[in-house]
Visitor: 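Here's a structure for you.
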Protein chains: 2
Amino acid sequence: MSEPVRSRSLPRNNTFSQATETVLREMVLDGTIAPGARLNEVSIAAQLGISRGPLREAIQRLSSEGLLTVISHRGAFVRTFSRQDIVELYELRCALELHAVRLACERATDEDLDELDAMLSDTESRIRESSAHAYPQELDFHLRLVLVAGNQALMRAAQDVQRQLALARSMSAKRPMRARAAVIEHADLVAVLRSRDVEQATLMMSRHLDHSMHSALSVLGLPQDGATEESDTAPDSE
Amino acid sequence: MSEPVRSRSLPRNNTFSQATETVLREMVLDGTIAPGARLNEVSIAAQLGISRGPLREAIQRLSSEGLLTVISHRGAFVRTFSRQDIVELYELRCALELHAVRLACERATDEDLDELDAMLSDTESRIRESSAHAYPQELDFHLRLVLVAGNQALMRAAQDVQRQLALARSMSAKRPMRARAAVIEHADLVAVLRSRDVEQATLMMSRHLDHSMHSALSVLGLPQDGATEESDTAPDSE
DNA sequence: AAACTGCAAACTGTCAACAGTTGGCAGTTC
DNA sequence: GAACTGCCAACTGTTGACAGTTTGCAGTTT
(Lines give C-alpha, C1' and ligand atoms only; values in the text may rest on other atoms or scores of the structure.)
Protein backbone atom coordinates (compact mmCIF):
# COMPACT_ATOMS: atom_id res chain seq x y z
CA MET A 1 0.00 0.00 0.00
CA SER A 2 2.85 2.36 -0.73
CA GLU A 3 2.28 3.50 -4.30
CA PRO A 4 -0.85 4.64 -6.13
CA VAL A 5 -2.83 1.45 -6.52
CA ARG A 6 -5.69 2.90 -8.51
CA SER A 7 -7.39 -0.44 -8.97
CA ARG A 8 -10.20 1.71 -10.28
CA SER A 9 -8.54 4.40 -12.34
CA LEU A 10 -9.86 7.91 -12.32
CA PRO A 11 -11.99 8.95 -15.30
CA ARG A 12 -10.83 11.82 -17.47
CA ASN A 13 -13.13 14.33 -15.85
CA ASN A 14 -11.75 17.81 -15.64
CA THR A 15 -10.67 17.77 -12.02
CA PHE A 16 -9.63 15.12 -9.53
CA SER A 17 -12.47 16.23 -7.33
CA GLN A 18 -15.11 15.52 -9.98
CA ALA A 19 -13.50 12.27 -11.07
CA THR A 20 -13.29 11.14 -7.47
CA GLU A 21 -16.97 11.87 -6.95
CA THR A 22 -17.82 9.55 -9.83
CA VAL A 23 -15.53 6.76 -8.70
CA LEU A 24 -16.57 6.99 -5.07
CA ARG A 25 -20.23 6.86 -6.04
CA GLU A 26 -19.62 3.70 -8.02
CA MET A 27 -17.65 2.14 -5.20
CA VAL A 28 -20.45 2.89 -2.77
CA LEU A 29 -23.26 1.72 -5.05
CA ASP A 30 -21.62 -1.54 -6.12
CA GLY A 31 -20.66 -2.41 -2.58
CA THR A 32 -16.90 -2.06 -2.93
CA ILE A 33 -17.29 0.00 0.21
CA ALA A 34 -19.91 -1.73 2.32
CA PRO A 35 -22.89 0.11 3.82
CA GLY A 36 -22.05 1.33 7.29
CA ALA A 37 -18.32 1.23 6.60
CA ARG A 38 -16.19 4.22 7.35
CA LEU A 39 -14.21 5.91 4.60
CA ASN A 40 -10.62 6.25 5.65
CA GLU A 41 -9.51 9.41 3.92
CA VAL A 42 -5.80 8.72 3.81
CA SER A 43 -6.16 5.17 2.55
CA ILE A 44 -8.72 6.04 -0.14
CA ALA A 45 -6.71 9.05 -1.24
CA ALA A 46 -3.66 6.80 -1.52
CA GLN A 47 -5.62 4.19 -3.48
CA LEU A 48 -6.73 6.81 -5.98
CA GLY A 49 -3.32 8.42 -6.06
CA ILE A 50 -4.54 11.84 -4.99
CA SER A 51 -4.41 13.93 -1.85
CA ARG A 52 -7.13 14.35 0.71
CA GLY A 53 -8.31 17.75 -0.49
CA PRO A 54 -10.21 16.74 -3.64
CA LEU A 55 -11.34 13.56 -1.91
CA ARG A 56 -12.95 15.52 0.88
CA GLU A 57 -14.73 17.74 -1.63
CA ALA A 58 -16.16 14.68 -3.35
CA ILE A 59 -17.26 13.31 0.02
CA GLN A 60 -19.15 16.53 0.75
CA ARG A 61 -21.09 16.25 -2.49
CA LEU A 62 -21.94 12.59 -1.99
CA SER A 63 -23.07 13.46 1.49
CA SER A 64 -25.46 16.07 0.08
CA GLU A 65 -26.65 13.40 -2.33
CA GLY A 66 -27.58 11.16 0.56
CA LEU A 67 -25.11 8.35 -0.09
CA LEU A 68 -22.75 9.19 2.75
CA THR A 69 -23.24 10.35 6.30
CA VAL A 70 -20.57 12.68 7.62
CA ILE A 71 -20.01 13.05 11.34
CA SER A 72 -17.69 15.72 12.65
CA HIS A 73 -14.31 14.45 13.76
CA ARG A 74 -15.40 10.86 13.20
CA GLY A 75 -15.51 10.53 9.47
CA ALA A 76 -17.74 9.73 6.52
CA PHE A 77 -19.78 6.53 6.57
CA VAL A 78 -21.63 4.79 3.79
CA ARG A 79 -25.20 5.48 4.67
CA THR A 80 -27.41 2.75 6.04
CA PHE A 81 -31.18 2.78 5.98
CA SER A 82 -33.78 1.96 8.56
CA ARG A 83 -37.16 0.64 7.51
CA GLN A 84 -38.52 4.10 8.15
CA ASP A 85 -35.92 5.64 5.83
CA ILE A 86 -36.93 3.34 3.00
CA VAL A 87 -40.62 3.98 3.43
CA GLU A 88 -39.93 7.70 3.39
CA LEU A 89 -37.79 7.42 0.28
CA TYR A 90 -40.56 5.49 -1.44
CA GLU A 91 -43.07 8.14 -0.47
CA LEU A 92 -40.77 10.76 -1.92
CA ARG A 93 -40.30 8.66 -5.02
CA CYS A 94 -44.07 8.45 -5.31
CA ALA A 95 -44.36 12.21 -5.12
CA LEU A 96 -41.80 12.66 -7.87
CA GLU A 97 -42.74 9.87 -10.23
CA LEU A 98 -46.49 10.30 -9.97
CA HIS A 99 -46.02 13.89 -10.98
CA ALA A 100 -43.66 12.76 -13.72
CA VAL A 101 -46.38 10.48 -15.02
CA ARG A 102 -48.85 13.35 -15.06
CA LEU A 103 -46.43 15.49 -17.02
CA ALA A 104 -45.42 12.65 -19.33
CA CYS A 105 -49.07 11.99 -20.07
CA GLU A 106 -49.32 15.50 -21.49
CA ARG A 107 -45.93 15.86 -23.05
CA ALA A 108 -44.67 12.48 -24.21
CA THR A 109 -44.51 12.18 -27.97
CA ASP A 110 -45.43 8.92 -29.65
CA GLU A 111 -41.74 8.42 -30.34
CA ASP A 112 -40.99 8.73 -26.62
CA LEU A 113 -43.51 6.00 -25.89
CA ASP A 114 -42.10 3.83 -28.66
CA GLU A 115 -38.69 4.11 -27.09
CA LEU A 116 -40.03 3.15 -23.69
CA ASP A 117 -41.60 0.07 -25.25
CA ALA A 118 -38.32 -0.74 -26.97
CA MET A 119 -36.53 -0.58 -23.64
CA LEU A 120 -39.04 -2.98 -22.19
CA SER A 121 -38.73 -5.62 -24.90
CA ASP A 122 -34.98 -5.38 -24.57
CA THR A 123 -35.22 -5.95 -20.84
CA GLU A 124 -37.64 -8.81 -21.41
CA SER A 125 -35.24 -10.65 -23.70
CA ARG A 126 -32.41 -10.20 -21.25
CA ILE A 127 -34.50 -11.62 -18.48
CA ARG A 128 -35.21 -14.67 -20.65
CA GLU A 129 -31.49 -15.31 -20.91
CA SER A 130 -30.50 -14.72 -17.31
CA SER A 131 -32.80 -13.32 -14.74
CA ALA A 132 -29.95 -11.49 -13.04
CA HIS A 133 -29.14 -7.80 -13.43
CA ALA A 134 -32.75 -6.87 -14.00
CA TYR A 135 -32.85 -4.25 -11.28
CA PRO A 136 -30.71 -1.59 -12.98
CA GLN A 137 -32.94 -1.88 -16.04
CA GLU A 138 -35.95 -1.38 -13.85
CA LEU A 139 -34.45 1.85 -12.61
CA ASP A 140 -33.52 2.90 -16.13
CA PHE A 141 -37.13 2.64 -17.22
CA HIS A 142 -38.29 4.87 -14.42
CA LEU A 143 -35.61 7.45 -15.04
CA ARG A 144 -36.40 7.42 -18.72
CA LEU A 145 -40.00 8.10 -17.87
CA VAL A 146 -39.00 11.07 -15.74
CA LEU A 147 -36.82 12.27 -18.58
CA VAL A 148 -39.83 12.19 -20.88
CA ALA A 149 -41.62 14.43 -18.42
CA GLY A 150 -39.14 17.07 -19.54
CA ASN A 151 -38.14 18.65 -16.25
CA GLN A 152 -34.47 18.73 -15.29
CA ALA A 153 -35.06 19.69 -11.67
CA LEU A 154 -37.48 16.79 -11.29
CA MET A 155 -35.01 14.51 -13.05
CA ARG A 156 -32.23 15.40 -10.66
CA ALA A 157 -34.40 14.81 -7.62
CA ALA A 158 -35.62 11.46 -8.95
CA GLN A 159 -32.06 10.41 -9.68
CA ASP A 160 -30.96 11.20 -6.14
CA VAL A 161 -33.81 9.18 -4.66
CA GLN A 162 -33.14 6.21 -6.91
CA ARG A 163 -29.46 6.20 -6.02
CA GLN A 164 -30.33 6.13 -2.35
CA LEU A 165 -32.77 3.29 -2.88
CA ALA A 166 -30.19 1.41 -4.93
CA LEU A 167 -27.79 1.75 -2.04
CA ALA A 168 -30.42 0.60 0.41
CA ARG A 169 -31.04 -2.45 -1.75
CA SER A 170 -27.32 -3.21 -1.83
CA MET A 171 -27.55 -3.73 1.93
CA SER A 172 -28.85 -7.20 1.17
CA ALA A 173 -27.73 -9.85 -1.27
CA LYS A 174 -29.45 -9.19 -4.56
CA ARG A 175 -32.19 -11.59 -5.41
CA PRO A 176 -33.64 -12.07 -8.89
CA MET A 177 -36.69 -10.25 -7.55
CA ARG A 178 -39.90 -9.61 -9.32
CA ALA A 179 -38.37 -8.55 -12.62
CA ARG A 180 -40.97 -10.20 -14.83
CA ALA A 181 -43.89 -8.70 -12.99
CA ALA A 182 -42.28 -5.28 -13.10
CA VAL A 183 -41.81 -5.42 -16.86
CA ILE A 184 -45.46 -6.28 -17.34
CA GLU A 185 -46.55 -3.43 -15.12
CA HIS A 186 -44.28 -1.09 -17.04
CA ALA A 187 -45.71 -2.18 -20.35
CA ASP A 188 -49.25 -1.69 -19.10
CA LEU A 189 -48.30 1.77 -17.94
CA VAL A 190 -46.94 2.73 -21.35
CA ALA A 191 -50.12 1.48 -22.95
CA VAL A 192 -52.20 3.72 -20.71
CA LEU A 193 -49.88 6.65 -21.43
CA ARG A 194 -50.67 6.17 -25.11
CA SER A 195 -54.34 6.67 -24.34
CA ARG A 196 -53.41 9.83 -22.40
CA ASP A 197 -55.54 8.82 -19.45
CA VAL A 198 -53.92 10.69 -16.57
CA GLU A 199 -56.11 9.25 -13.84
CA GLN A 200 -55.51 5.68 -14.88
CA ALA A 201 -51.80 6.24 -15.48
CA THR A 202 -51.13 7.72 -12.05
CA LEU A 203 -53.18 4.98 -10.46
CA MET A 204 -51.11 2.30 -12.18
CA MET A 205 -47.83 3.96 -11.28
CA SER A 206 -49.01 4.30 -7.72
CA ARG A 207 -49.77 0.57 -7.51
CA HIS A 208 -46.53 -0.31 -9.23
CA LEU A 209 -44.47 1.70 -6.76
CA ASP A 210 -46.36 0.13 -3.91
CA HIS A 211 -45.48 -3.34 -5.19
CA SER A 212 -41.91 -2.20 -5.66
CA MET A 213 -41.68 -0.95 -2.10
CA HIS A 214 -43.03 -4.14 -0.59
CA SER A 215 -40.62 -6.12 -2.71
CA ALA A 216 -37.77 -3.94 -1.54
CA LEU A 217 -38.73 -4.25 2.10
CA SER A 218 -38.98 -8.01 1.79
CA VAL A 219 -35.66 -8.29 -0.02
CA LEU A 220 -34.14 -6.34 2.83
CA GLY A 221 -35.73 -8.66 5.34
CA LEU A 222 -37.68 -5.84 6.88
CA PRO A 223 -41.26 -6.23 8.07
CA GLN A 224 -43.83 -5.13 5.48
CA ASP A 225 -45.58 -3.08 8.09
CA GLY A 226 -45.01 -2.42 11.73
CA ALA A 227 -43.27 -0.24 14.23
CA THR A 228 -40.21 1.80 13.39
CA GLU A 229 -36.97 -0.09 13.63
CA GLU A 230 -33.74 1.84 13.68
CA SER A 231 -30.72 0.62 11.81
CA ASP A 232 -27.64 0.44 13.98
CA THR A 233 -24.78 -0.39 11.66
CA ALA A 234 -23.86 3.26 11.26
CA PRO A 235 -24.37 6.11 13.65
CA ASP A 236 -26.76 8.87 12.73
CA SER A 237 -25.68 12.39 12.04
CA GLU A 238 -24.79 14.26 15.15
CA MET B 1 -8.81 44.36 3.64
CA SER B 2 -5.82 42.99 5.48
CA GLU B 3 -7.15 41.38 8.64
CA PRO B 4 -10.06 39.03 9.28
CA VAL B 5 -13.03 41.30 8.72
CA ARG B 6 -15.73 38.81 9.66
CA SER B 7 -18.51 41.33 9.18
CA ARG B 8 -20.67 38.25 9.59
CA SER B 9 -19.03 36.15 12.27
CA LEU B 10 -19.01 32.39 12.03
CA PRO B 11 -21.61 30.54 14.10
CA ARG B 12 -20.46 28.08 16.73
CA ASN B 13 -21.01 25.06 14.55
CA ASN B 14 -18.59 22.24 15.09
CA THR B 15 -16.33 22.85 12.13
CA PHE B 16 -15.40 25.86 10.03
CA SER B 17 -16.70 24.01 7.03
CA GLN B 18 -20.21 23.64 8.47
CA ALA B 19 -20.28 27.16 9.86
CA THR B 20 -19.14 28.52 6.52
CA GLU B 21 -21.92 26.65 4.73
CA THR B 22 -24.48 28.34 6.94
CA VAL B 23 -23.00 31.81 6.55
CA LEU B 24 -22.51 31.48 2.82
CA ARG B 25 -26.09 30.31 2.36
CA GLU B 26 -27.34 33.34 4.23
CA MET B 27 -25.12 35.66 2.23
CA VAL B 28 -26.41 34.19 -1.00
CA LEU B 29 -30.06 34.19 0.01
CA ASP B 30 -30.13 37.73 1.39
CA GLY B 31 -28.29 39.11 -1.59
CA THR B 32 -25.03 40.02 0.13
CA ILE B 33 -23.51 38.17 -2.79
CA ALA B 34 -25.60 39.05 -5.81
CA PRO B 35 -27.02 36.43 -8.19
CA GLY B 36 -24.61 35.80 -11.02
CA ALA B 37 -21.65 37.08 -9.02
CA ARG B 38 -18.51 35.03 -8.76
CA LEU B 39 -17.24 33.92 -5.36
CA ASN B 40 -13.62 34.87 -4.99
CA GLU B 41 -12.23 32.16 -2.76
CA VAL B 42 -9.28 34.04 -1.34
CA SER B 43 -11.24 37.16 -0.53
CA ILE B 44 -14.17 35.31 1.07
CA ALA B 45 -11.83 33.07 3.03
CA ALA B 46 -10.02 36.19 4.25
CA GLN B 47 -13.32 37.86 5.17
CA LEU B 48 -14.34 34.86 7.26
CA GLY B 49 -10.85 34.49 8.70
CA ILE B 50 -10.40 30.93 7.48
CA SER B 51 -8.43 29.20 4.77
CA ARG B 52 -9.71 28.08 1.41
CA GLY B 53 -10.05 24.40 2.33
CA PRO B 54 -13.20 24.52 4.47
CA LEU B 55 -14.60 27.26 2.25
CA ARG B 56 -14.33 25.05 -0.81
CA GLU B 57 -16.06 22.20 1.01
CA ALA B 58 -18.95 24.51 1.88
CA ILE B 59 -19.11 25.64 -1.74
CA GLN B 60 -19.42 22.04 -2.90
CA ARG B 61 -22.39 21.45 -0.65
CA LEU B 62 -24.16 24.63 -1.65
CA SER B 63 -23.57 23.67 -5.24
CA SER B 64 -25.29 20.32 -4.64
CA GLU B 65 -28.09 22.26 -3.01
CA GLY B 66 -28.60 24.26 -6.20
CA LEU B 67 -27.64 27.67 -4.85
CA LEU B 68 -24.25 27.87 -6.57
CA THR B 69 -22.98 26.87 -9.97
CA VAL B 70 -19.40 25.66 -10.06
CA ILE B 71 -17.41 25.75 -13.27
CA SER B 72 -14.02 24.10 -13.44
CA HIS B 73 -11.09 26.47 -13.30
CA ARG B 74 -13.42 29.46 -13.42
CA GLY B 75 -15.03 29.47 -10.03
CA ALA B 76 -18.33 29.29 -8.18
CA PHE B 77 -21.15 31.62 -9.18
CA VAL B 78 -24.36 32.46 -7.40
CA ARG B 79 -26.92 30.66 -9.49
CA THR B 80 -29.25 32.58 -11.74
CA PHE B 81 -32.53 31.28 -13.04
CA SER B 82 -34.13 31.35 -16.45
CA ARG B 83 -37.88 31.41 -16.80
CA GLN B 84 -37.67 27.72 -17.66
CA ASP B 85 -35.76 26.99 -14.45
CA ILE B 86 -38.43 28.64 -12.35
CA VAL B 87 -41.26 26.82 -14.07
CA GLU B 88 -39.43 23.54 -13.52
CA LEU B 89 -38.82 24.34 -9.87
CA TYR B 90 -42.49 25.11 -9.42
CA GLU B 91 -43.43 21.84 -11.07
CA LEU B 92 -41.10 20.06 -8.71
CA ARG B 93 -42.54 21.97 -5.79
CA CYS B 94 -45.98 20.90 -6.93
CA ALA B 95 -44.92 17.27 -6.96
CA LEU B 96 -43.55 17.53 -3.44
CA GLU B 97 -46.16 19.67 -1.78
CA LEU B 98 -49.19 18.04 -3.36
CA HIS B 99 -47.94 14.74 -2.02
CA ALA B 100 -47.28 16.42 1.31
CA VAL B 101 -50.89 17.58 1.37
CA ARG B 102 -52.07 14.05 0.69
CA LEU B 103 -49.98 12.71 3.54
CA ALA B 104 -50.91 15.57 5.85
CA CYS B 105 -54.58 14.91 5.15
CA GLU B 106 -54.15 11.45 6.61
CA ARG B 107 -51.65 12.15 9.33
CA ALA B 108 -52.13 15.67 10.63
CA THR B 109 -53.48 15.77 14.15
CA ASP B 110 -56.00 18.41 15.15
CA GLU B 111 -53.21 20.06 17.14
CA ASP B 112 -51.09 20.26 13.98
CA LEU B 113 -53.91 22.03 12.19
CA ASP B 114 -54.45 24.36 15.14
CA GLU B 115 -50.81 25.36 14.97
CA LEU B 116 -51.04 26.03 11.26
CA ASP B 117 -54.01 28.30 11.90
CA ALA B 118 -52.08 30.04 14.65
CA MET B 119 -49.24 30.72 12.25
CA LEU B 120 -51.68 32.23 9.81
CA SER B 121 -53.31 34.63 12.24
CA ASP B 122 -49.86 35.69 13.35
CA THR B 123 -48.87 36.39 9.76
CA GLU B 124 -52.13 38.21 9.19
CA SER B 125 -51.56 40.60 12.06
CA ARG B 126 -48.01 41.30 10.89
CA ILE B 127 -49.30 42.13 7.45
CA ARG B 128 -51.74 44.59 8.98
CA GLU B 129 -48.83 46.44 10.56
CA SER B 130 -46.44 46.47 7.62
CA SER B 131 -47.05 44.57 4.48
CA ALA B 132 -43.32 43.89 4.02
CA HIS B 133 -41.51 40.69 4.93
CA ALA B 134 -44.50 38.53 4.22
CA TYR B 135 -42.69 36.20 1.86
CA PRO B 136 -40.58 34.31 4.42
CA GLN B 137 -43.75 33.63 6.41
CA GLU B 138 -45.39 32.29 3.30
CA LEU B 139 -42.55 29.83 2.93
CA ASP B 140 -42.68 28.94 6.60
CA PHE B 141 -46.30 27.91 6.30
CA HIS B 142 -45.54 25.60 3.40
CA LEU B 143 -42.57 24.03 5.14
CA ARG B 144 -44.64 23.56 8.27
CA LEU B 145 -47.22 21.75 6.20
CA VAL B 146 -44.56 19.43 4.79
CA LEU B 147 -43.32 18.84 8.30
CA VAL B 148 -46.80 17.78 9.32
CA ALA B 149 -46.69 15.22 6.52
CA GLY B 150 -44.06 13.48 8.64
CA ASN B 151 -41.46 12.57 6.07
CA GLN B 152 -37.90 13.78 6.53
CA ALA B 153 -36.76 12.93 3.03
CA LEU B 154 -39.67 14.87 1.60
CA MET B 155 -38.94 17.72 3.98
CA ARG B 156 -35.36 17.97 2.86
CA ALA B 157 -36.32 18.00 -0.80
CA ALA B 158 -38.99 20.64 -0.24
CA GLN B 159 -36.52 22.77 1.67
CA ASP B 160 -34.00 22.64 -1.15
CA VAL B 161 -36.58 23.67 -3.71
CA GLN B 162 -37.83 26.54 -1.58
CA ARG B 163 -34.32 27.84 -1.05
CA GLN B 164 -33.74 27.86 -4.78
CA LEU B 165 -37.00 29.68 -5.37
CA ALA B 166 -36.15 32.18 -2.65
CA LEU B 167 -32.88 32.86 -4.43
CA ALA B 168 -34.66 33.21 -7.75
CA ARG B 169 -37.00 35.72 -6.17
CA SER B 170 -34.06 37.68 -4.79
CA MET B 171 -33.06 38.34 -8.39
CA SER B 172 -35.60 41.13 -8.39
CA ALA B 173 -36.46 43.84 -5.90
CA LYS B 174 -38.94 42.41 -3.41
CA ARG B 175 -42.45 43.66 -3.80
CA PRO B 176 -45.12 43.44 -1.12
CA MET B 177 -46.66 40.77 -3.36
CA ARG B 178 -49.88 38.99 -2.87
CA ALA B 179 -49.45 38.30 0.82
CA ARG B 180 -53.05 38.85 1.79
CA ALA B 181 -54.40 36.56 -0.90
CA ALA B 182 -51.91 33.89 0.05
CA VAL B 183 -52.94 33.93 3.69
CA ILE B 184 -56.56 33.50 2.71
CA GLU B 185 -55.72 30.58 0.47
CA HIS B 186 -53.69 29.03 3.24
CA ALA B 187 -56.52 29.36 5.70
CA ASP B 188 -58.96 27.79 3.27
CA LEU B 189 -56.55 24.92 2.79
CA VAL B 190 -56.30 24.25 6.50
CA ALA B 191 -60.07 24.26 6.74
CA VAL B 192 -60.29 21.60 4.04
CA LEU B 193 -57.58 19.57 5.75
CA ARG B 194 -59.77 19.53 8.85
CA SER B 195 -62.49 17.87 6.83
CA ARG B 196 -59.91 15.32 5.58
CA ASP B 197 -61.02 15.77 1.99
CA VAL B 198 -57.92 14.74 0.04
CA GLU B 199 -59.29 15.55 -3.39
CA GLN B 200 -60.34 19.03 -2.45
CA ALA B 201 -57.15 19.70 -0.48
CA THR B 202 -54.82 18.76 -3.32
CA LEU B 203 -56.92 20.76 -5.74
CA MET B 204 -56.66 23.84 -3.56
CA MET B 205 -52.95 23.46 -3.07
CA SER B 206 -52.53 22.98 -6.78
CA ARG B 207 -54.34 26.23 -7.51
CA HIS B 208 -52.50 28.04 -4.76
CA LEU B 209 -49.12 27.00 -6.17
CA ASP B 210 -50.22 28.03 -9.62
CA HIS B 211 -51.10 31.50 -8.34
CA SER B 212 -47.80 31.61 -6.52
CA MET B 213 -45.87 30.74 -9.67
CA HIS B 214 -47.55 33.37 -11.77
CA SER B 215 -46.92 35.91 -9.05
CA ALA B 216 -43.27 34.89 -8.94
CA LEU B 217 -42.86 35.10 -12.69
CA SER B 218 -44.46 38.50 -12.76
CA VAL B 219 -42.35 39.80 -9.87
CA LEU B 220 -39.32 38.67 -11.82
CA GLY B 221 -40.55 40.49 -14.89
CA LEU B 222 -40.73 37.26 -16.86
CA PRO B 223 -43.52 36.51 -19.30
CA GLN B 224 -46.34 34.47 -17.75
CA ASP B 225 -46.24 32.12 -20.69
CA GLY B 226 -44.21 31.93 -23.84
CA ALA B 227 -41.01 30.65 -25.37
CA THR B 228 -38.02 29.72 -23.29
CA GLU B 229 -35.76 32.61 -22.44
CA GLU B 230 -32.28 31.91 -21.19
CA SER B 231 -30.77 33.99 -18.46
CA ASP B 232 -27.35 35.29 -19.37
CA THR B 233 -25.98 36.87 -16.23
CA ALA B 234 -24.07 33.74 -15.28
CA PRO B 235 -22.74 30.95 -17.47
CA ASP B 236 -24.30 27.53 -17.23
CA SER B 237 -22.47 24.54 -15.88
CA GLU B 238 -20.05 23.11 -18.34
C1' DA C 1 -13.22 -9.13 37.80
C1' DA C 2 -15.26 -4.64 36.68
C1' DA C 3 -14.70 0.10 36.30
C1' DC C 4 -12.02 4.04 35.90
C1' DT C 5 -7.90 6.95 34.37
C1' DG C 6 -4.50 8.39 31.34
C1' DC C 7 -1.77 7.83 27.51
C1' DA C 8 -0.73 7.01 22.57
C1' DA C 9 -1.84 5.98 17.94
C1' DA C 10 -4.89 7.00 14.21
C1' DC C 11 -7.56 9.99 11.95
C1' DT C 12 -10.03 14.25 10.72
C1' DG C 13 -9.95 19.53 10.37
C1' DT C 14 -7.23 23.24 8.84
C1' DC C 15 -3.58 25.72 6.85
C1' DA C 16 -0.10 27.76 3.73
C1' DA C 17 2.45 27.08 -0.30
C1' DC C 18 2.95 25.26 -5.03
C1' DA C 19 1.21 24.17 -9.76
C1' DG C 20 -1.71 24.69 -13.62
C1' DT C 21 -5.34 27.21 -16.01
C1' DT C 22 -7.88 31.20 -17.49
C1' DG C 23 -8.72 35.82 -19.10
C1' DG C 24 -7.19 40.15 -20.24
C1' DC C 25 -3.81 43.48 -21.92
C1' DA C 26 0.13 45.20 -24.47
C1' DG C 27 2.48 44.86 -28.51
C1' DT C 28 2.65 43.53 -33.20
C1' DT C 29 1.11 42.60 -37.84
C1' DC C 30 -1.81 43.24 -41.82
C1' DG D 1 -7.95 50.55 -37.19
C1' DA D 2 -8.90 45.53 -36.62
C1' DA D 3 -7.26 41.13 -35.73
C1' DC D 4 -3.86 38.26 -33.99
C1' DT D 5 -0.02 36.71 -30.72
C1' DG D 6 2.29 36.20 -26.59
C1' DC D 7 2.90 37.41 -22.02
C1' DC D 8 1.38 38.46 -17.20
C1' DA D 9 -1.55 38.76 -13.30
C1' DA D 10 -5.24 36.61 -10.84
C1' DC D 11 -7.41 32.77 -9.47
C1' DT D 12 -8.55 27.86 -8.96
C1' DG D 13 -6.83 22.92 -8.22
C1' DT D 14 -3.86 20.24 -5.50
C1' DT D 15 -0.53 19.05 -2.23
C1' DG D 16 1.96 17.95 2.14
C1' DA D 17 2.40 19.28 6.78
C1' DC D 18 0.54 20.72 11.24
C1' DA D 19 -3.11 20.88 14.95
C1' DG D 20 -6.88 19.13 17.53
C1' DT D 21 -10.08 15.32 18.42
C1' DT D 22 -11.45 10.65 19.01
C1' DT D 23 -10.82 5.91 20.14
C1' DG D 24 -8.87 1.98 21.94
C1' DC D 25 -5.62 0.00 25.11
C1' DA D 26 -2.64 -0.51 29.08
C1' DG D 27 -2.33 0.16 33.73
C1' DT D 28 -4.42 1.13 38.03
C1' DT D 29 -7.91 1.09 41.51
C1' DT D 30 -11.93 -0.74 43.97
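First the proteins, then the strands, lettered A, B, ... as listed; each starts at 1. Here the structure is a predicted model, which means the values were calculated and not measured.
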Visitor: In this structure, is the centre-to-centre distance between the rings of H99(A) and H99(B) below 6.0 Å?
Guide: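 Ring centroids of H99(B) and H99(A) are no less than 6.0 Å from each other.
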Visitor: Output the rounded distance in Å from CD (E57(A)) to P (dG13(C)).
Guide: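 Between P of dG13(C) and CD of E57(A): 14 Å.
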Visitor: May I have the distance from Q60(B) (atom CD) to dT14(D) (atom P), rounded to whole angstrom?
Guide: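 Rounding to the nearest Å, CD of Q60(B) and P of dT14(D) are 10 Å apart.
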Visitor: Considering only heavy atoms from C-beta outward, does the side chain of R79(B) approach that of Q164(B) to under 4.5 Å?
Guide: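 R79(B) vs Q164(B): side chains touch.
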Visitor: Between dT12(C) atom C1' and I59(A) atom CD1, what is the distance in whole Å?
Guide: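 Going from I59(A) (CD1) to dT12(C) (C1'), I get 10 Å.
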Visitor: Verify the contact: side-chain N or O of R74(B) to OP1 or OP2 of dG23(C), cut-off strictly under 4.0 Å; return yes or no.
Guide: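 For dG23(C), OP1 or OP2 has a side-chain N or O of R74(B) closer than 4.0 Å.
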Visitor: Quick check: are there more than 12 heavy atoms from other residues, nucleotides or ligands sitting under 6.0 Å from CZ of R25(B)?
Guide: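 It does: R25(B) CZ has more than 12 such atoms within range.
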Visitor: Measure from CZ on F16(B) to P on dA16(C) and round the result to the nearest Å.
Guide: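 To the nearest whole Å, that distance equals 11 Å.
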Visitor: Starting at atom CG of N14(B), determine the distance to atom P of dA19(D), rounded to an integer number of angstrom.
Guide: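 Between P of dA19(D) and CG of N14(B): 21 Å.
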Visitor: For G53(A) and H73(A), find the nucleotide of DNA chain D closest to each by heavy atoms; which residue's nucleotide sits nearer the 5' end?
Guide: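 The answer here is G53(A).
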Visitor: Please report the distance, rounded to the nearest Å, between CG in L48(A) and C1' in dG13(D).
Guide: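 Nearest whole value for this atom pair: 16 Å.
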Visitor: Quick one: does T123(B)'s side chain have a donor or acceptor within less than 3.5 Å of a partner on M119(B)'s backbone?
Guide: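 Yes: the side chain of T123(B) pairs with the backbone of M119(B).
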Visitor: Evaluate side-chain contact (heavy atoms from CB on, under 4.5 Å) for F81(A) paired with L220(A), printing each intermediate quantity in order.
Guide: CA-CA 10 Å; F81(A) 298 83; L220(A) 289 167; over 6 Å; no
Visitor: State which of dT14(C), dT12(D), dT12(C) makes the closest approach to the side chain of N40(B).
Guide: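 Of all the options, the side chain of N40(B) is nearest to dT12(D).
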Visitor: Just N and O in the side chain of R56(B): are any of them under 4.0 Å from OP1 or OP2 of dT12(D)?
Guide: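 Answer no for this pair, as no side-chain N or O of R56(B) is under 4.0 Å from OP1 or OP2.
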Visitor: Taking atom C1' of dT22(D) as reference, at what distance in whole Å does atom CD1 of I71(A) sit?
Guide: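 Spelled out: CD1 on I71(A) to C1' on dT22(D) is 12 Å.
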Visitor: In whole angstrom, give the distance that lies between atom CD of E41(A) and atom P of dG20(D).
Guide: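 The distance from CD of E41(A) to P of dG20(D) comes to 18 Å, rounded to the nearest Å.
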Visitor: Look at all strands and tell whether L39(B) reaches a base, only sugar-phosphate, or nothing, counting heavy atoms closer than 4.0 Å.
Guide: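 Sugar-phosphate, backbone atoms only, no base.
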Visitor: Once hydrogens and angles are ignored, does a donor-acceptor distance under 3.5 Å link the base of dG13(C) to the side chain of R52(A)?
Guide: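 Such a pair is found, so the answer is yes.
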